[in-house]
Number of protein chains: 2
Amino acid sequence: MTQDAFSETPITTASDQVFVDMRREIVEGSIVQGSKISEPELAKRYGVSRATLREALNRLESCYLVERKANVGCRVVALTAERLIEVYQVRSALEGLACRLAADNMAADEVQSLKQLLNQHLKTQRVKEGESYYQEAGDLDFHYRIIKGSKNDHLIHLLSNGLYQLIRMYRVQMGMVGPRVSKAFDEHLAIINAIENHDGELAELLMKRHISASQANIQTKFNLHAAQNERAEQ
Amino acid sequence: MTQDAFSETPITTASDQVFVDMRREIVEGSIVQGSKISEPELAKRYGVSRATLREALNRLESCYLVERKANVGCRVVALTAERLIEVYQVRSALEGLACRLAADNMAADEVQSLKQLLNQHLKTQRVKEGESYYQEAGDLDFHYRIIKGSKNDHLIHLLSNGLYQLIRMYRVQMGMVGPRVSKAFDEHLAIINAIENHDGELAELLMKRHISASQANIQTKFNLHAAQNERAEQ
DNA sequence: CCCCCCAAGATTGTCGACAATTTATGAATA
DNA sequence: TATTCATAAATTGTCGACAATCTTGGGGGG
């Protein structure tokens, strides 16, 4: 599974392409957070007309990566501590729900496949100790499968097309490569066990706790970042 | 508070106007659920160019009122029983969260104002017995204030600009004027009391239960509707 | 010296037309 | 008669240009 796991959009039209490209650049920070977006400039850069670019901007707004004001323009979302908290509060509630539903609705083979994936991640983790593979792609993959396991299309859309790009943006730009790898693995294991036992209540609780831990982890990095920036400005 | 309580968008541009107009027509059923949308036709009807109309369609898609397929077109969302369940599962989780946060973050005067509003609704309800005023506008108002009381902007946006138009669409088109009025009032009272006592856990629980009851109520109407339609088709 | 106002420049919103794709129509074949 | 394929019609996607709005810079008045 690639880093574009959550973008299941088949790219047919030109604005699709621009949307996907811009999304990657924003998430990775090539287009810096908080910066203003000039329509004529970017249209030229991507080699499309302004109408096509605006179509892409609309979709980026839908997934909270840019913000728009009438007659003023677009700017990339700013990664603040407050927003991080807000997003994670919402994420916790929604993914908790997804987890509870998955305990009822996930097919047996889906559960088995996910357990297998976890084991595979464990191996990979041992081999590439210290690498960010597991934390980045592996973690996303795990969460994504559970979300889909909820079988609630509205919820799936809300999380994969709505929140996760923003979450990834925080993770990538904060440089999430911490020592949480092994801990996260254990937490993942407990969650999948609860799901396998169809214990929705427990699964929800564990997922919420897992996400809280993840939030605390990012927040630490965030403060570190902020401190660095302050020092740099002096 | 009007029925447009959840549309806080100041209408500056032409596409804003089309967006608001179309949203009302879709929610109220003037543009029938499930029907295909012809861009040239509607553009002419609203007296704007296709570009402007498409801008509005993009926003309608963002709040789940229309669905889009590349190179095929737009159609109004279809009100199915499955979707109703999905939406209410999400609503329950999100508004439960909002309620829990409101118990911590709502200012004392906001709480007082809300209690006052409830009493006012009680009076109005007695006067206009059987009218749908309370259930429609009053209920929306109550929920909206709590959502805003969460002070979580992301959550507020997700609910008011995202879910509530779709919820209203179900309620309006199912003709929600039931006998749940007095029951709903008691439930609202219990919720606001929990919030006043800063008991977030209880407030969340009560809100989730309140929403479940509301869902059951709509679902009954929905089945009635479906039965009627079946009979009509024979 | 600061503030307000006005004009010039730049940016966004809107329009009509063209290109690309999908859908409808109908003739030919099995 | 049902099916398939090719062609025509209609719809969506994209473009470049114009209109409306906001921003910037400078000059005049307090």
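Below, chain A is the first sequence line, B the second, and so on; all start at residue 1.
Remark: P of dT22(C) and NZ of K69(B) are 12 Å apart, rounded to the nearest angstrom. In this entry the distance linking CG of L57(B) with C1' of dT11(D) reads 13 Å, nearest Å. Spacing between atom CG of L53(A) and atom C1' of dG13(D) amounts to 15 Å, rounded to whole angstrom units. dT11(D) atom C1' lies 13 Å from atom CZ of R75(B), rounded to whole Å. Taking atom CD of E39(B) as the reference point, atom P of dT23(C) lies 14 Å away to the nearest angstrom. If you measure from atom CD of E41(B) to atom P of dT12(D), you get 10 Å, rounded to the nearest angstrom. In this entry the distance linking CZ of R68(B) with C1' of dT11(D) reads 12 Å, nearest Å. The CG atom of D16(B) sits 8 Å away from the P atom of dT14(C) (whole-angstrom rounding).
Backbone-only engagement by I37(A) is indicated by non-hydrogen atom pairs under 4.0 Å involving sugar-phosphate atoms exclusively. The residue S15(B) sits close only to the backbone: its heavy atoms come under 4.0 Å of sugar-phosphate atoms, none of a base. At the heavy-atom level, A51(A) lies under 4.0 Å from base atoms of the strands shown.
The phosphate of dT21(D) has neither OP1 nor OP2 within less than 4.0 Å of any side-chain N or O from T12(B). The side chain of R54(A) contributes an N or O atom lying less than 4.0 Å from OP1 or OP2 of dG13(C). Put simply, T13(B) has no side-chain N or O that comes within less than 4.0 Å of OP1 or OP2 on dT12(C).
In the model, E95(B) has a side-chain atom that pairs as donor or acceptor with a side-chain atom of Y164(B) under 3.5 Å. In the model, N58(B) has no side-chain atom that pairs as donor or acceptor with a side-chain atom of R59(A) under 3.5 Å.
Annotation: side chain of V66(B) is not in contact with side chain of V77(B) (no heavy-atom distance under 4.5 Å).
Remark: side-chain polar atoms of E67(B) are not paired, donor with acceptor, to backbone N or O of R75(B) under 3.5 angstrom.
Along DNA chain D, the nucleotide closest to R50(A) and the one closest to A14(A) are compared, and the more 5′ of them pairs with A14(A).
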Begin with the C-alpha distance, continue with both residues' side-chain angles, and end with the deciding distance and a verdict on side chain to side chain donor-acceptor pair (under 3.5 Å) for R145(A) and S113(A).
-> CA-CA 10 Å; R145(A) 291 209 188 188; S113(A) 163; 2.7 Å; yes
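With dG13(D), dC15(D), dT12(C) as the candidates, the nucleotide lying closest to the side chain of P40(A) is dT12(C). Of the candidates dG13(D), dT23(D), dT11(D), the closest approach to any side-chain atom of K36(B) belongs to dT11(D). Among dT14(C), dG13(C), dG13(D), the nucleotide with an atom closest to any side-chain atom of S49(B) is dT14(C). Closest to the N71(B) side chain, of the nucleotides dT12(C), dG13(D), dC15(C), is dG13(D).
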